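Data first, discussion second: the structure below is written as structure tokens.
Heavy atoms only: backbone and side chains are in, while hydrogens, waters and symmetry mates are out. In this text the structure is predicted, and so the values were computed from the model without any measurement. Atoms within each ligand, like the ligands themselves, are counted from 1 in listed order.
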Amino acid sequence: MRKLLIIFFFISIAFSCNKRNTSTQESQTHEYGLITEKAMVVSARKEASKIGSYILEKGGNVFDAMMATEMALAVCYPSAGNLGGGGFMVYRMSNGDVGALDYREKAPLAASKNMYLDSLENVIPLKSILGELAVGVPGTVAGVFEAQQKFGKLSVSEILEPVIELANKGYKVTEKQAERFNLHDSIFRAVNGKEILYSKNKKAGDTIKNIQLAKTLQRIALNGKDEFYKGETAKILVEYLSERGGIITLEDLANYEAIWREPITFKYKDINIISMSPPSSGGICLAQIMKMIEPYELKEFGHNSLKTIQLLSEAERRAYADRNYFLGDPDFVQIPTDTLLSDTYLYNRMRDFSFEKATPSSEVFHGNIEFVESDETTHYSIVDQFGNAISVTTTLNNTFGSQLFCSELGFFLNNEMDDFSSKAGAPNMYGLTGAEANSIEPEKRMLSSMTPTIVEKNGKLLMTLGTPGGSTIITSVLQTILNVEEFEMTMQEAVSAPRFHHQWLPDYIRMEPNKFSKALIRQLEAKGYTINEERSPVIGIVDGILVTDDGKLEGGADWRGDDTAIGF
Ligand code: GLY
């Protein structure tokens, strides 16, 4: 009896233990990421997080740190960090004001609907993926300037100084990075027609200096955003592209503007979620899934249990079917957002769901209302000492984008044009099929899955998070939020936990390999699900920051990358 009481006592401690109070003894049963008192940056590279955190320590805020972190990632994480790409940022000020910034790339003025089709209207393989015609008009420099000039506190030259130093002095190549450079070596040579900075058999521990990028950043520090869009940098870029047969003009660059958007906000149980609006599908799709699963007792089902995986997969299947049909650039297409997010609509979407058996995707169509994005993107989350938070996802699309490296400027150019649907119904490089809403038009922004997200609870900041991962971005963000809210994990545990993904088509559940038991996989198969453990060695690389109950910050930096949290 005494033994039973002791067991009961320990079980009750385990359940009452508050993982968000980092100072309780019980919290020691949890795995925590970095804990800081005031401010934090979590990004794909230690160097970038360090520079972002340094800018905060100098008195800068999240928007100053955004410029520093994003530009530092362009130096030391060139597979996705960029000047030649674009992204999205969601913010929440300490007073609760929220907003979103769209600095997604645009189709050039000379782009046209069928530009990737042959005379028989078949998609020409790789034309939207490799080289000059795959490049969308870059938005990153406009984005970081728009945010910093509106809300930042420091001068651009102060912010860019450590970034320029990093480019000049160099950074150490990590093992994961060396693997990437070497994997892409032959394709760099093929697309660029010569060796580039990253070509020569790089090894972990090598130092890479990017002197040309340092010069470009120096000019930007001096002349501002116009340097990139109207100045010497613009001229070099346009000349470089047009010599190769590219279609981006000086007019395209001069016309580019980052756009402030209303974020998508919605409630899930007692948390409030703020996420990215179109032209990213992230916020709408996340909202649809969370609203479809809200009526169920996930906590009772358990983390990554049979029922949880079934429920999430079925909601994801239905949301992705809608996404690929209805979403596109809101400045070009009408998106029925209210309907897509209405309780009645979502209730009806789940009416044929049953725990007894999978609904085949062939029986799921967009509601009487598909897209493709790349795996290679990067995310960073920042909270400053003033209580402001940002969540930023930025990309070149594919790993190293179009593979085109402008040596004179020191950066890669995106292949974001592949995020348009080249032809309605034809799958893009990630197997997602698009529809008319996401067809190519001059100056239109291509649909994205990027889901920079901020979560509030009781009117206060709870979490800022996001991830790369193409179409798996949305479901990785979803699972991380649920891991914290439903399954009571710490930020680090929530980020580290195994992930799965369903995107309607192809009709299978992608699972991280060897992370789910064979017995569970057999149970799912018996219900009619196909499981694919080969497609994705990892699903997402989530970086997040959680505000703990005692008001501290806990960073979740994903082991799947070289991601690092730094703060004070
Ligand atoms: N290119 C990746 C995305 O926008 O989702």
Side-chain angles (χ1 to χ4, degrees), residues 44 70 73 77-82 84-90 100-107 128-130 134-140 143 258-259 261 264 275-286 316 319-320 323-324 327-330 370-380 391-404 412-422 427-434 437-438 440 444-453 465-478 501 503-504 536 539-543:
E70 181 119 2
L73 285 167
Y77 194 67
S79 55
N82 66 83
F88 296 103
M89 181 267 283
V90 170
L101 183 64
D102 159 5
Y103 56 100
R104 181 72 162 163
E105 300 92 324
K106 287 180 13 171
S128 64
I129 296 176
L130 294 180
V135 184
V137 182
T140 295
I259 301 176
R261 306 261 185 206
I264 298 289
S275 192
M276 194 61 220
S277 40
S280 180
S281 59
I284 290 184
C285 205
L286 182 67
E316 289 167 8
Y320 277 75
R323 164 184 181 275
N324 295 357
L327 305 190
D329 182 343
E370 186 193 86
F371 304 90
V372 180
E373 295 82 23
S374 136
D375 283 351
E376 204 39 65
T377 294
T378 189
H379 177 85
Y380 55 95
S391 175
V392 190
T393 314
T394 178
T395 190
L396 288 165
N397 193 21
N398 209 358
T399 312
F400 304 108
S402 62
Q403 318 294 306
L404 264 189
F412 281 102
L413 289 152
N414 70 81
N415 63 343
E416 220 70 62
M417 291 297 284
D418 190 64
D419 274 354
F420 279 118
S421 66
S422 295
N428 78 356
M429 69 180 162
Y430 296 98
L432 288 168
T433 46
N438 190 33
I440 307 172
K444 188 174 173 182
R445 283 149 144 96
M446 52 298 277
L447 192 70
S448 169
S449 295
M450 291 190 276
T451 314
T453 298
L465 77 161
T467 179
S471 52
T472 68
I473 289 177
I474 300 162
T475 57
S476 299
V477 169
L478 166 76
H501 169 80
Q503 61 178 45
W504 179 46
S536 309
I539 295 180
I541 304 180
V542 177
D543 283 339

- Task: Using a strict 4.0 Å threshold on nitrogen-to-oxygen distance, state whether Asp419 and Arg104 make a salt bridge.
- Result: yes
- Tyr380: partners by ring-ring contact (aromatic ring centres under 6.0 Å, His included), with sequence neighbours left out: none
- Met446: heavy atom below 4.0 Å from ligand 1, yes or no? no
- Message: Pairing donors with acceptors under 3.5 angstrom, does anything connect the side chains of Thr475 and Glu316?
- Response: no
- Check each atom of ligand 1 against the heavy atoms of Asp419 and keep those under 4.0 Å away; list them by number with element. 1 (N), 2 (C), 3 (C), 4 (O)
- Query: Where do Asn397 and Met417 land on the side chain to side chain contact (heavy atoms under 4.5 Å, CB included) test, with the steps shown first?
  - Reply: CA-CA 9 Å; Asn397 193 21; Met417 291 297 284; over 6 Å; no
- For Asn397, the ligand 1 atoms whose distance to one of its heavy atoms is below 4.0 Å: 1 (N), 2 (C)
- Note on the structure: Within 4.0 Å of some non-hydrogen atom of Met450, the atoms of ligand 1 are 3 (C), 4 (O), 5 (O)
- Determine the minimum heavy-atom distance between Phe412 and Pro78, stating which atoms define it. CD1-O, 3.6 Å
- Message: When you compare ligand 1 with Ser449, is there at least one nitrogen or oxygen pair between them that comes in under 3.5 angstrom?
- Response: yes
